[in-house]
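A quick write-up on the structure given underneath.
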Protein chains: 2
Amino acid sequence: MTMRQPRAGGRARSGGRPTLEEVAARAGVGRGTVSRVINGSPRVSERTRAAVEAAVAELGYVPNTAARALAANRTDAIALVVPEPEGRFFAEPYFSDIIHGVGVALAETEVQLLLTFASKARERQRLAQYLAAQRVDGVLLVSVHADDPLPDLIEQLDIPAVVSGRRSASEPLTSVDSDNYEGAKAAIDHLLSRGRTRIATITGRLDVYGAQRRLDGYRAALTAADLPVDETLVVPADFTEGGGRRAMTELLSRRPDLDAVFAASDVMASGARQILREAGRRIPDDVALVGFDDSAIARHMDPPLTSVRQPIEEMGREMTRLLLEEIASVGAHHSPASRLLAREQLVLPTELVVRASS
Amino acid sequence: MTMRQPRAGGRARSGGRPTLEEVAARAGVGRGTVSRVINGSPRVSERTRAAVEAAVAELGYVPNTAARALAANRTDAIALVVPEPEGRFFAEPYFSDIIHGVGVALAETEVQLLLTFASKARERQRLAQYLAAQRVDGVLLVSVHADDPLPDLIEQLDIPAVVSGRRSASEPLTSVDSDNYEGAKAAIDHLLSRGRTRIATITGRLDVYGAQRRLDGYRAALTAADLPVDETLVVPADFTEGGGRRAMTELLSRRPDLDAVFAASDVMASGARQILREAGRRIPDDVALVGFDDSAIARHMDPPLTSVRQPIEEMGREMTRLLLEEIASVGAHHSPASRLLAREQLVLPTELVVRASS
DNA sequence: AGGTACGGTGGGAGCGCTCCCATGTGTGAT
DNA sequence: ATCACACATGGGAGCGCTCCCACCGTACCT
């Protein structure tokens, strides 16, 4: 009883979405000419172009992405690889802001954004395959860990890619990062200017390059002020609220005389604040508190938290811009030998947002 | 001087990514057989299957998405349409959580997620075209406004779609929503059980169906408790912090005797809290405060905010599940006439999270 | 007048896959 | 032994596009 379908998806030839060929027939020109008009080639006369555009409008023609990708060997899509579900990426405020920035940069182009989730090493391995299989023209990597195999795989496969947050000082891929070093330095300088001298810090996971840089900035600021860097004032944590609580507890027992705390994330600052309050320390009267990220948490904390703002959205924008550039340059000169791009290392400035906690 | 390239992207035939044909040659079978193995067809002998799988592994074969999409007229991709940059979607906590849920639901499948940004009506119009142009098999719509043209366009184009948060009681598309009515009711019941009797509410934009439902729940709970619904206790706002402040100011001047406030979002509750504090009202001693969303803001507010938790991630998961189902069912019986799906209206329960503010 | 150049154009070939039809090949029923 | 039938398999056709080459006409040179 089943009626035979006319092949491929069963959409009838007539009445389905129009094809290039149909537009060509309508405009009374050849397929090649329509293609040239669609792709904005200059080698078309004004008359012809107008005729084709009219036909396109009348038929409501939209190019078939799959066919184009197959023929042209490019997809007009980039992937954002989301480390999932662990990691601070899904936490405030990274995720939304990065994507927001990517969206802004992509808005003026025809490029689509593919979201890809991969947490475990095995998944990320498999992912590299998929990425290479013509799925996307380039890849945006965020929040990569030092031991992540994906960036190296991607580099080997010679896929255009940009990472956020370098894995080390010598990141081989194009990268965009915020100035963690200067950000931390500014935070400490601010505390010093407020007359604080026994400034502790709660660090992030030090295998994350950015966390290390924040610690470097902390030390540099103290040294520049001729203060000794007292290692009892440095406690490593892991970017979590619980970690912030544990670190603060440890700090209070080690150095009950501290008068300021610089936490390498707002979330950790929030944890620290709880402990400080339980210990009866007033903020900022007894202990000044500064965070990092300037997330919603900072704005809504009580008292509102002084924090180092990272231009996350701008990072997303810049990452995308650099990736599109890289893709364009790869497409331009086809020879694989000449694939020696200047791999840019962009570092964006941070900004200290002073609130009542310091 | 430019060397001629071997067509299409310039990848050399040898050494490039392997094709189906090459796998077939390697395994000593025909193209069709390899295709059957790749797609898990049962009509392949065990011997042959093993041989093909070995060849696939040796060559590291991965199917070309574009070719598959072109031939099979399906993309194995769905789009999440993000209303951008306005709207509460990009705000806490919606965005991350929804995507998280979508990612979870997609993890077990081969389906990819495309993120599409479109705010202005014109963009959304254009978007419908693109969506129809074989780019995706289905669409996830979030945070649609009552006057959004996109849902109707999508319905006309007969594209599988699921919306989060119905636009009205009679949503024509498949939808997933949280139980705004019962959530609000639970919040008010809780306040009543705490002995509060002059309970005000700050509503969201009432052209958003969910906001209306929360207000309905507020009224119903009061009525059920034999309390009159006093309209001077109801102030409409717009889901923003500023709106919350303005509404609270208005409420305090209208009804200085109020003893509880139910805000239809945490963000508005946060605004209300600022005003209450400035007015010297203690929370919860003088005025109890309850929010909606159970976002990070609620947890970090001072005092921590009692709030109605929406299962956002689960919503993302369910939306995706329903969409995949719908796509599968459309693919199953090709006849467009039989495209009469049971358009499900899924409503997920909310949960009151009681904290110190009430 | 003949040649040269070049902008403009049509359409063949091919991208890598899926679908389906035709063709084996083995099994059990007659 | 013969027929029927299911199962397994090979490969042609075609999805809608881009790329490129061949071709045409016109304008310009010598």
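We name chains A, B, ... by the order of the sequence lines, and we start the count at 1 in each one.
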Check the side chains of B:S175 and B:Q345 for a donor-acceptor pair under 3.5 angstrom, ignoring hydrogens and angles. yes
Between B:S35 and C:dT18, is there a side-chain N or O to OP1/OP2 distance below 4.0 Å? yes
Any heavy-atom pair between the side chains of B:I99 and B:L115 that's under 4.5 Å? yes
Using whole Å, report how far CD of A:E21 lies from C1' of D:dC15. 12 Å
B:G32 or A:P42: which one's nearest nucleotide on DNA chain C is closer to the 5' end? A:P42
Could you check whether the side chain of A:R49 and the base of C:dG8 have a donor-acceptor pair of N or O atoms closer than 3.5 Å, going by distance alone? no
Taking every heavy atom of A:L157 against every heavy atom of A:A128, the minimum-distance pair comes out as CD1-O, 3.7 Å
Given side chains that start at C-beta, do those of A:V82 and A:T116 come closer than 4.5 Å, heavy atoms only? no
Residues that B:T48 engages under side chain to side chain contact (heavy atoms under 4.5 Å, CB included), provided they are two or more places apart: B:V29, B:T33, B:V44, B:S45, B:V52
Sugar-phosphate only, base, or nothing, as touched by B:R31 at under 4.0 Å among non-hydrogen atoms: base
d(CG, B:D76; C1', C:dT18) in whole Å: 12 Å
Looking only at side-chain N and O atoms, does B:S45 come under 4.0 Å of OP1 or OP2 in D:dT9? yes
Take atom CG of B:L70 and atom P of C:dC17, then tell me their distance rounded to the nearest Å. 12 Å
Take atom CD of B:E22 and atom C1' of C:dG16, then tell me their distance rounded to the nearest Å. 10 Å
Are B:D76 and A:R135 close enough for a salt bridge, meaning some N to O gap below 4.0 Å? no
Residues forming a salt bridge (charged side-chain N to carboxylate O under 4.0 Å, His left out) with A:E155, sequence neighbours excluded: A:R343
Picking from D:dT18, D:dC17, C:dC17, the nucleotide nearest the side-chain atoms of A:A72 would be D:dT18
Side-chain-base donor-acceptor pair under 3.5 Å for A:R47 and C:dG8: no
Using a cut-off of under 3.5 Å, enumerate the N/O to N/O pairs linking the protein to nucleotides 5-7 of chain C.
from	atom 1	to	atom 2	distance (Å)
C:dG7	OP2	A:R43	NH2	3.4

Is the phosphate of C:dT9, meaning OP1 or OP2, less than 4.0 Å from a side-chain N or O of A:T48? yes
Return the value, rounded to whole Å, for the distance between atom CD of A:E46 and atom P of C:dT9. 10 Å
Whole Å only: how far is the CG atom of B:N73 from the P atom of D:dG16? 8 Å
Identify whether the distance between the nearest side-chain nitrogen and carboxylate oxygen of A:R26 and A:E22 falls below 4.0 Å. no
In terms of side-chain heavy atoms of B:L20, which of D:dT18, D:dG16, C:dT18 is nearest? C:dT18
Shortest side-chain distance from A:R36, nucleotide among C:dC19, C:dG10, D:dC17: C:dG10
Atom CZ of A:R74 and atom P of D:dC17 are separated, to the nearest Å, by 13 Å
How long is the line joining CG of A:N64 and C1' of C:dC15, in whole Å? 13 Å
Check whether any side-chain nitrogen or oxygen of B:T33 sits under 4.0 Å from OP1 or OP2 of D:dA8, and answer yes or no. no
